[in-house]
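Working notes, beginning with the structure itself.
When a residue number appears, it is its place in the shown sequence, counting from 1.
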Amino acid sequence: MDYEFNSQKELFVRVRPALRSKCSELQRLGFSEIKEFDIWNYLIIKKWRSAQGLMLSDIVSDIMNLSGNDISKYLEQKEIDDKRRQTLSSDLDVI
């Protein structure tokens, strides 16, 4: 059975049970800072960036096989990048 989704939001809602399950698993493993949206954003930005024609089963598989360490590294880098942007923005305000 093929599924087609009209929006990223619609797809997110469809795979949310897998995201919740993965989030619970990661929290049990000590990754308490990781939330459902972190998993989703990581996959969209890092894994599926240039993917074409992903099947629902592939998406769920990617969610369930994701490493907590990979997401943690992504979140750490994102935090560093956000701080750089804030610093640059405030430095430019001075000029």
Side-chain angles (χ1 to χ4, degrees):
M1 176 183 287
D2 290 336
Y3 292 98
E4 291 201 24
F5 300 95
N6 296 319
S7 69
Q8 203 174 78
K9 181 180 178 180
E10 192 178 315
L11 177 59
F12 176 84
V13 169
R14 180 71 177 176
V15 300
R16 195 157 194 193
L19 291 166
R20 284 185 183 139
S21 177
K22 186 62 177 184
C23 193
S24 293
E25 174 191 328
L26 292 173
Q27 288 178 352
R28 281 192 309 275
L29 294 172
F31 296 98
S32 58
E33 75 281 2
I34 297 174
K35 307 296 182 226
E36 292 171 25
F37 285 108
D38 297 327
I39 297 168
W40 180 251
N41 290 330
Y42 170 84
L43 289 167
I44 287 174
I45 292 168
K46 295 292 186 178
K47 180 122 177 128
W48 302 329
R49 180 189 222 154
S50 59
Q52 296 286 323
L54 284 172
M55 296 179 65
L56 184 58
S57 59
D58 295 328
I59 293 169
V60 172
S61 178
D62 287 344
I63 292 168
M64 300 312 294
N65 290 309
L66 192 58
S67 158
N69 288 327
D70 290 341
I71 301 172
S72 285
K73 288 177 191 174
Y74 161 76
L75 291 174
E76 288 170 10
Q77 187 60 49
K78 184 178 179 303
E79 186 175 332
I80 291 168
D81 292 345
D82 289 348
K83 285 181 182 178
R84 280 189 193 139
R85 277 189 219 102
Q86 289 173 355
T87 301
L88 179 60
S89 177
S90 63
D91 287 349
L92 290 176
D93 289 342
V94 173
I95 296 176

Fill in: Charged N-O contact under 4.0 Å between Glu25 and Lys22
yes
Practice prompt. With rounding to the nearest 0.5 Å, note down the distance linking OH in Tyr74 to NZ in Lys47.
Written response: 15.0 Å
Item to complete: Please name the pair of heavy atoms, one in Glu36 and one in Phe12, separated by the smallest distance, quoted to 0.1 Å.
Response: OE1-CZ, 4.5 Å
Practice prompt. Taking all heavy atoms of Arg14 and all of Pro17, pick out the closest pair and write down the distance.
Written response: O-CD, 3.6 Å
Worksheet item: Between CG of Asp58 and CD1 of Ile63, what distance do you get to the nearest 0.5 Å?
Response: 11.0 Å
Discussion item. If I take atom NZ from residue Lys9 and atom CG from residue Leu11, how far apart are they, to the nearest 0.5 angstrom?
Written reply: 13.0 Å
Worksheet item: Of the non-hydrogen atoms in Ile34 and Gln27, which two are nearest, and what is the gap between them?
Response: O-NE2, 3.5 Å
Discussion item. To the nearest 0.5 Å, what is the distance between CG on Leu29 and OG on Ser32?
Written reply: 11.5 Å
Item to complete: Any chance you could measure Leu19, atom CG, to Leu66, atom CG, to the nearest 0.5 Å?
Response: 10.0 Å
Worksheet item: At their closest point, which heavy atom of Ala18 faces which heavy atom of Met64, and how far apart are they?
Response: O-SD, 3.6 Å
Fill in: Criterion salt bridge (Lys or Arg N to Asp or Glu O under 4.0 Å) on Arg84 and Asp81, from CA distance to verdict
CA-CA 5 Å; Arg84 280 189 193 139; Asp81 292 345; 3.5 Å; yes
Item to complete: List the atom of Ser72, the atom of Phe31, and the distance in Å for their closest heavy-atom pair.
Response: OG-CD2, 3.2 Å
Worksheet item: Between atom CD1 of Ile71 and atom CG of Asp38, what is the distance when rounded to the nearest 0.5 Å?
Response: 7.5 Å
Worksheet item: Taking it one step at a time, do Lys73 and Glu76 satisfy salt bridge (Lys or Arg N to Asp or Glu O under 4.0 Å)?
Response: CA-CA 5 Å; Lys73 288 177 191 174; Glu76 288 170 10; over 6 Å; no
Item to complete: Determine whether Ile44 and Gln8 make a side-chain contact, defined as any pair of heavy atoms from C-beta on separated by less than 4.5 Å.
Response: yes
Practice prompt. I would like to know whether Lys83 and Glu79 meet salt bridge (Lys or Arg N to Asp or Glu O under 4.0 Å); could you show each step before the answer?
Written response: CA-CA 6 Å; Lys83 285 181 182 178; Glu79 186 175 332; 3.4 Å; yes
Worksheet item: Is the backbone N or O of Arg20 less than 3.5 Å from a side-chain atom of Ser24, with the two atoms forming a donor-acceptor pair by type?
Response: yes
Item to complete: Would you sort out whether Asp70 and Lys46 count as a side-chain contact (heavy atoms from CB on, under 4.5 Å), showing the intermediate values?
Response: CA-CA 10 Å; Asp70 290 341; Lys46 295 292 186 178; over 6 Å; no
